[in-house]
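Keep in mind that the numbers below use all heavy atoms, side chains included, and drop hydrogens, waters and symmetry copies. We count ligands from 1, going down the list as the structure has it; atoms in each ligand are counted the same way.
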Amino acid sequence: MGAEYVRDVEPGEVIVVDKNGMRSSKPFSAPRRAFCIFEYIYFSRPDSRIFGDYVDKTRRRLGKQLAIEHPAESDIVIAVPDAANTAALGYAQRSKARFEIGLIRNHYVGRTFIQPSQGMRDFKVKIKFNPVGGVLQGRRVVVVEDSIVRGTTLRQLSRMIREAGAREVHVRVSSPPIRFPCFYGMDFQTMGEIIAAKQSVEEIRAHVGVDSLEYLSKEGMLSAVPNSAEDYCTACFDGEYPVEVEKEMTKLRLEG
Ligand code: SF4
């Protein structure tokens, strides 16, 4: 677009842009910052610059930290494309392993966890990814994924990767386990939908059918992002909601 980055909108601030130019006012009390840390993990494109840093650089740091915390004996490192690509590059770089393109994503299919029914999500995963047999056959594979919500995608992918001939499949996740619903707009709003709310890491590993499964620690995640920990919302990982959620709504969604 040729646009120029000026600055972020502050909490409580309203910016009006019209024929007279740009005006800023602060009609609301400015609460604490609470950047959605999931923007760095999954939502934003890697070429974005948000909360003071590039998403690409931050995601690489998440991947490097993951490699420090959870190394794996492997022949290759692959990503679940596209969101985990840069985290996988960071993981491979730090572990001095070979990065390969082991899965091809069909760009005409949307994001899977934002589909309304389980049946539709299952079907979409099948047409969304294709394994690259020549890369996976006979190899011990580390698969870097950005996050696990329901486990649907990963379960099907692990089967797909094995069927393509991989000898071992080790999953490394560049965020901590999602254990709580998001009430601020993300479509994983009930505890019933979130696999790590009810199952241990070992149970999830068995469910998705991989040889090993490890998540990045919360401390590791916070060490990889700019700003201080208090500037972020991390509620889906730790249940500490920065803006109070109405009790009735919480009850409804936690029971869901
Ligand atoms: S709970 Fe917070 S960190 Fe998690 S997705 Fe929602 S806004 Fe983002």
Out of all atoms in ligand 1, which are within 4.0 Å of some heavy atom of [X]? Include the element for each.
| X | result |
| --- | --- |
| Cys36 | 3 (S), 5 (S), 7 (S), 8 (Fe) |
| Ala235 | 1 (S) |
| Cys236 | 1 (S), 3 (S), 4 (Fe), 5 (S) |
| Tyr184 | 7 (S) |

Residues Arg33, Glu10: salt bridge by 4.0 Å N-O rule: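 Glu10 and Arg33: salt-bridged.
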Ionic contact status for Arg162 with Asp211, cut-off 4.0 Å: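 Answer for the salt bridge query: yes.
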Face-on cation placement of Arg59 at Tyr40 ring, 6.0 Å and 45° thresholds: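 Pair Arg59/Tyr40 does not count as cation-pi.
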Please tabulate, for side-chain N and O atoms in residues 78-89, each donor-acceptor pair with protein atoms closer than 3.5 Å (sequence neighbours left out).
unit_1	atom_1	unit_2	atom_2	d
Asp82	OD2	Arg105	NH1	2.9
Asn85	ND2	Asp82	O	3.4

No-hydrogen, no-angle side-chain donor-acceptor test under 3.5 Å, Ser25 and Glu13: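 Their side chains do not contain a donor-acceptor pair, so the 3.5 Å distance test is not met.
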Metal proximity, Cys233 vs atom 8 (Fe) of ligand 1, N/O/S cut-off 2.8 Å: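 Checking Cys233: none of its N, O or S atoms is under 2.8 Å.
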